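So the structure is just underneath, and the comments pick up after that.
Since the model is a prediction, treat every value here as computed from it, not as a measurement.
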Amino acid sequence: QVQLVESGGGLVEAGGSLRLSCAASGSFFRIGVMGWYRQALGKQRDMVAVITDGGLPHYADSVKDRFSISRHNANNTIFLQMNNLKPEDTAVYYCIAITTPNDYWGQGTQVTVSS
């Protein structure tokens, strides 16, 4: 079992920045990919950024050059630095941890960007 605790969401004006954190704990052997998805009201949940345990990141086209994901394997924590935020970034952001054989999700943290 893996428990994921997210923090760092909030309300920010367009052009501002936020930093999300997600810490994994529990009983597990190894976490492979970790990352962030988001779900805007009335829309499907989409990938924002993921990172392998080797530190290789992958971003959605909509956030490239604005968001940066990083990972500290020693304490199973990932971060998402979000810069130049836009109103269309408003969503609930969910952390995901991929292990074998299960995927685990956090409870989500709200990010709201005002215009």
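- In terms of hydrophobic clustering, with Ile, Leu, Val, Met, Phe, Trp and Tyr side chains grouped at heavy-atom distances under 4.5 Å, Met82 and Val48 are assigned to a common cluster.
- Judged as a side-chain contact (heavy atoms from CB on, under 4.5 Å), and not counting sequence neighbours, the contacts of Asn73 are Asp53, Arg71.
- The hydrophobic cluster analysis finds Leu41 isolated: no Ile, Leu, Val, Met, Phe, Trp or Tyr side chain comes under 4.5 Å of it, directly or through other members.
- The one candidate from Leu80, Val63, Thr109, Thr90 that meets the side chain to side chain contact (heavy atoms under 4.5 Å, CB included) condition with Arg38 is Val63.
- For the pair Arg66 and Asp89, the tightest heavy-atom approach, listed with the atom from each and the gap, is NH1-OD2, 2.7 Å.
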For residues 3-18, please give each side-chain donor-acceptor pair under 3.5 Å, one per line with the distance, not counting sequence neighbours.
{"from": "Glu6", "atom 1": "OE1", "to": "Gln107", "atom 2": "N", "distance (Å)": "3.1"}
{"from": "Glu6", "atom 1": "OE1", "to": "Gly108", "atom 2": "N", "distance (Å)": "2.6"}
{"from": "Glu6", "atom 1": "OE2", "to": "Cys95", "atom 2": "N", "distance (Å)": "2.6"}
{"from": "Glu6", "atom 1": "OE2", "to": "Gly108", "atom 2": "N", "distance (Å)": "3.4"}
{"from": "Ser17", "atom 1": "OG", "to": "Asn83", "atom 2": "OD1", "distance (Å)": "3.0"}

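- The same ILVMFWY cluster, assembled from side-chain heavy atoms under 4.5 Å apart, contains both Ile98 and Val50.
- Tracing side-chain contacts under 4.5 Å through hydrophobic residues (I, L, V, M, F, W, Y), one never reaches Ile96 starting from Tyr104; they form parts of separate clusters.
- Without hydrogens or angle criteria, Ser62 side chain to Ala60 main chain gives no donor-acceptor distance under 3.5 Å.
- Cluster membership for Val33 and Ile78, using ILVMFWY side-chain heavy atoms within less than 4.5 angstrom, is not shared.
- By the 6.0 Å contact criterion, CG on Asn75 is enclosed, its count of non-hydrogen atoms from other residues, nucleotides or ligands being greater than 12.
- Shown here for Ser21 and Trp36, the closest heavy-atom pair between the two residues is O-CH2, 3.5 Å.
- The shortest side-chain heavy-atom distance between Leu20 and Val111 falls under the 4.5 Å cut-off.
- Pairs passing the ring-ring contact (aromatic ring centres under 6.0 Å, His included) check and including a residue from residues 58-80, sequence neighbours excluded, read His72-Phe79.
- Its side chain outside the 4.5 Å cluster rule for every partner, Leu56 clusters with none of the Ile, Leu, Val, Met, Phe, Trp and Tyr residues.
- Linking ILVMFWY side-chain heavy atoms closer than 4.5 Å, directly or via other members, places Val2 and Ile51 in a single hydrophobic cluster.
- Considering only residues two or more places apart in sequence or on other chains, Asp61 meets the salt bridge (Lys or Arg N to Asp or Glu O under 4.0 Å) condition with Lys64.
- When each of Tyr94, Tyr93, Trp105 is tested with Tyr37 by the rule ring pair (Phe, Tyr, Trp, His ring centres under 6.0 Å), just one qualifies, namely Trp105.
- A distance of 11.0 Å separates CE of Met34 from OG1 of Thr99, quoted to the nearest 0.5 Å.
- Looking at every heavy atom in both residues, Pro57 comes nearest to Ile69 through CB-CG2, 3.7 Å.
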